[in-house]
Amino acid sequence: MTEVDLLARHRAVLPSWLSLYYQEPLEIVSGKGNRVVGADGRTYLDFFAGILTNMVGYDLPEVREAVEAQLRTGVVHTSTLYLLRSQVELAEKIARISGIPDARVFFTNSGTEANEAALLLATAYRRSNQVIALRNSYHGRGFGTTSVTGNRGWSPSSLSPFSVLYAQGGYRFRSSFRGFDDAAFVAACVTDLRELLATASAGDVACLIAEPVQGVGGFAVPPDGLLKAYEEVLDETGTLLISDEVQTGWGRTGEHFWGYQASGVTPDLLTFAKGVGGGFAMGGVVGRAEVMDCLQANSISTFGGNPVATAAANAVLDYVLSHDLQASAAKLGTRLLDGLREAAARLPFVGEVRGKGLMVGIELVGPDGYAPAPAAAAAVLEQTRRSGLLVGKGGLHGNVLRVAPPLTITAEEVEEGLAILVGALESVQRDL
């Protein structure tokens with residue numbers, strides 16, 4: 001069966017809003033290291049890692065062996081109604097490295113579920129359904145998480161279980177405060193937040209939820225002082241802070257293990273998912289015991305933190321820590337950013353190159369240097385594929401290339417991918 005046949009079957013049984021990359025969508029059939037093989041027989045260097053999820057690449061022996069060992073027991077599921085040794089071990093590790101005092105951990109299957117759980121905890125603890133989210137944010141595709149997503153391209157419904165206020169985010173390129181330096185930008189955002197609270201809230205806001213680096217929003221990076229300044233305002237009323245670390249966690253930003261640590265804050269709740277499962281379904285919430293224990297009804301998780309997923313996650317986390325992949329992300333991310341910024345200086349349609357560590361966004365614009373250029377981004381996506389490189393795409397207007405390889409990427413592979421990406425940008429620029 002060809003990919004054309006598979007695409008026809010896909011369209012016949014899956015919803016039309018389920019996005020696919022490329023004019024001729026790709027089926028990935030195998031992977032090894034940081035490369036994958038498509039059904040077209042071609043090998044690709046992966047610079048998007050299954051949306052930052054294949055954090056340690058493909059077929060890592062340590063992860064494969066941990067999963068196989070669990071499968072040999074015959075127990076792939078029991079639910080949280082029974083003790084799960086690997087779940088407890090993973091929770092102990094995550095609580096220890098979370099940076100949150102007296103932490104408790106609840107496991108889910110995804111980032112969407114993790115953020116849904118965090119919002120439930122925060123609103124129950126504060127007895128309020130008022131939530132502050134950030135403009136240009138993305139927190140998942142559930143009912144609650146969609147309603148706190150500040151990106152119209154990923155928020156299909158105006159219905160909401162929350163009363164949501166949207167504060168300024170970290171996306172300065174299209175912000176009303178564009179052109180401000182860090183200090184002026186933070187000051188303006190805080191003034192805006194105070195005005196928002198004074199005029200649009202009922203005074204008992206439950207929480208503010210924020211991505212330290214906005215992922216789907218195009219890897220938008222706020223000044224490091226923004227979350228700290230927001231936290232100081234929240235502390236005046238006891239409003240909780242949720243740090244959405246689904247994309248920024250596990251050392252990907254290079255400078256810190258968690259994205260929030262760049263701001264000098266301590267969140268009340270931290271959500272995680274994606275990379276720690278090494279491709280297996282894994283997410284969760286970490287929080288202060290007082291907040292995590294606030295629910296007054298029974299609850300379980302049927303699949304969250306199941307034995308296979310936690311076996312994989314334990315192996316992934318151990319590998320990340322023992323091989324100091326955070327330091328590698330810092331070093332190789334700097335090389336990637338420097339190389340792309342050097343190229344951008346001679347490419348007028350590159351409006352901005354931004355990011356931290358192995359999270360890099362390339363915003364493409366029109367001749368005026370500002371208007372979004374989604375067609376150009378789509379053209380670069382196609383060209384990189386033709387050259388054997390997989391990257392992602394995002395941003396409110398679909399005009400931002402997202403580059404986020406596995407943390408196991410090597411220096412040689414960074415140079416290879418950088419050369420392909422720069423070549424693709426140059427090719428599309430010439431066509432324009």
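From a predicted model like this one, the values you see are computed outputs, not experimental measurements. For reference, positions follow the sequence shown, starting with 1.
Surrounding CZ of R346 are more than 12 heavy atoms belonging to other residues, nucleotides or ligands, all under 6.0 Å away.
Residues D244 and N115 bring a donor and an acceptor atom of their side chains to less than 3.5 Å of each other. A donor-acceptor contact under 3.5 angstrom links the side chains of S176 and Q168, judged on distance only. Judged purely by distance below 3.5 Å, without hydrogens or angles, the side chains of T408 and N34 pair a donor atom with an acceptor atom. A side-chain donor from one of T239 and T237 sits under 3.5 Å from a side-chain acceptor of the other.
For the pair T146 and W154, the minimum side-chain heavy-atom distance is 4.5 Å or more. Counting heavy atoms from C-beta on, the side chains of P307 and L84 come closer than 4.5 Å. Contact annotation: the side chain of E363 approaches that of N399 to within less than 4.5 Å [non-hydrogen atoms, C-beta and beyond]. With a 4.5 Å cut-off on side-chain heavy atoms, I97 and F257 count as touching. Under the 4.5 Å side-chain criterion, counting only non-hydrogen atoms from C-beta, R85 is in contact with E89. Within the 4.5 Å cutoff, the side chain of V400 has no heavy atoms near those of the K393 side chain. Side-chain atoms of K356 and H256, non-hydrogen and from C-beta on, never get closer than 4.5 Å to each other. Within the 4.5 Å cutoff, the side chain of V105 has no heavy atoms near those of the V285 side chain.
Of all non-hydrogen atoms in L240 and D268, the two that sit nearest each other are CA-OD2, 3.3 Å. For the residue pair A229 and V190, the shortest heavy atom distance occurs at CB-CG2, 3.4 Å. Nearest heavy-atom pair across A167 and I132 is CB-CG2, 3.9 Å. Here the shortest heavy-atom pairing between F107 and S301 reads O-OG, 3.7 Å. In this structure, A312 and V67 approach most closely via the heavy-atom pair CB-CG2, 3.8 Å. Nearest heavy-atom pair across L332 and T410 is CD1-C, 3.9 Å.
Remark: R194 engages E236 in a salt bridge (charged side-chain N to carboxylate O under 4.0 Å, His left out) (not counting sequence neighbours).
For T149 (side chain) and H139 (main-chain N/O), a donor-acceptor pair under 3.5 Å exists by modelled atom type. Remark: side-chain polar atoms of E413 are not paired, donor with acceptor, to backbone N or O of L45 under 3.5 angstrom. In terms of modelled atom types and a separation under 3.5 Å, the side chain of S328 and the main chain of L325 share no donor-acceptor contact. The backbone N or O of P223 sits nowhere less than 3.5 Å from a side-chain atom of D182 that would complete a donor-acceptor pair. Side-chain atoms of T53 do not come within 3.5 Å of backbone N or O of G279 as any donor-acceptor pair. E245 places a side-chain N or O within 3.5 Å of a backbone atom of Y260 that can act as its donor or acceptor partner. Distance alone, capped at 3.5 Å, places no donor-acceptor pair between the E62 side chain and the L60 backbone.
A cation-pi contact links R174 to Y370, judged by a cut-off of 6.0 Å to the six-membered ring centre and 45° from its axis. For the pair R385 and Y22, the cation-pi test (distance below 6.0 Å, angle within 45°) is passed.
Residues W250 and F272 place their aromatic rings such that the two centres sit under 6.0 Å apart.
Using a 4.0 Å cut-off between charged nitrogen and carboxylate oxygen, E231 and K228 count as a salt-bridge pair. Ion pairing of K331 with D324 is absent here, as no side-chain N (NZ or NE/NH1/NH2) approaches a carboxylate O to less than 4.0 Å. For the pair D59 and R64, the salt-bridge criterion is met [side-chain N within less than 4.0 Å of a carboxylate O].
The aromatic rings of F177 and F185 stand perpendicular to each other, their planes meeting at an angle above 60°, with 30° marking the opposite boundary.
Taking OH from Y44 and CD1 from I420, the interatomic distance works out to 11.5 Å, rounded to the nearest 0.5 Å. Atom-to-atom distance recorded for H323:NE2 and D318:CG is 11.0 Å, nearest 0.5 angstrom. Remark: L196 CG to C189 SG distance equals 11.5 Å, nearest 0.5 Å. The line from CG of N306 to NE2 of H77 is 8.0 Å long, rounded to the nearest 0.5 Å. The CZ atom of R335 sits 13.0 Å away from the CG atom of L358 when rounded to the nearest 0.5 Å. Rounded to the nearest 0.5 Å, atoms CD1 (I362) and CZ (R402) are 12.0 Å apart.
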Taking distance alone, no hydrogens or angles, what donor-acceptor pairs closer than 3.5 Å link side-chain atoms of residues 208-221 to residues at least two apart or in another chain?
from	atom 1	to	atom 2	distance (Å)
E211	OE1	Y138	N	3.0
E211	OE2	G215	N	3.1
Q214	OE1	N136	ND2	2.9
Q214	NE2	R135	O	3.0

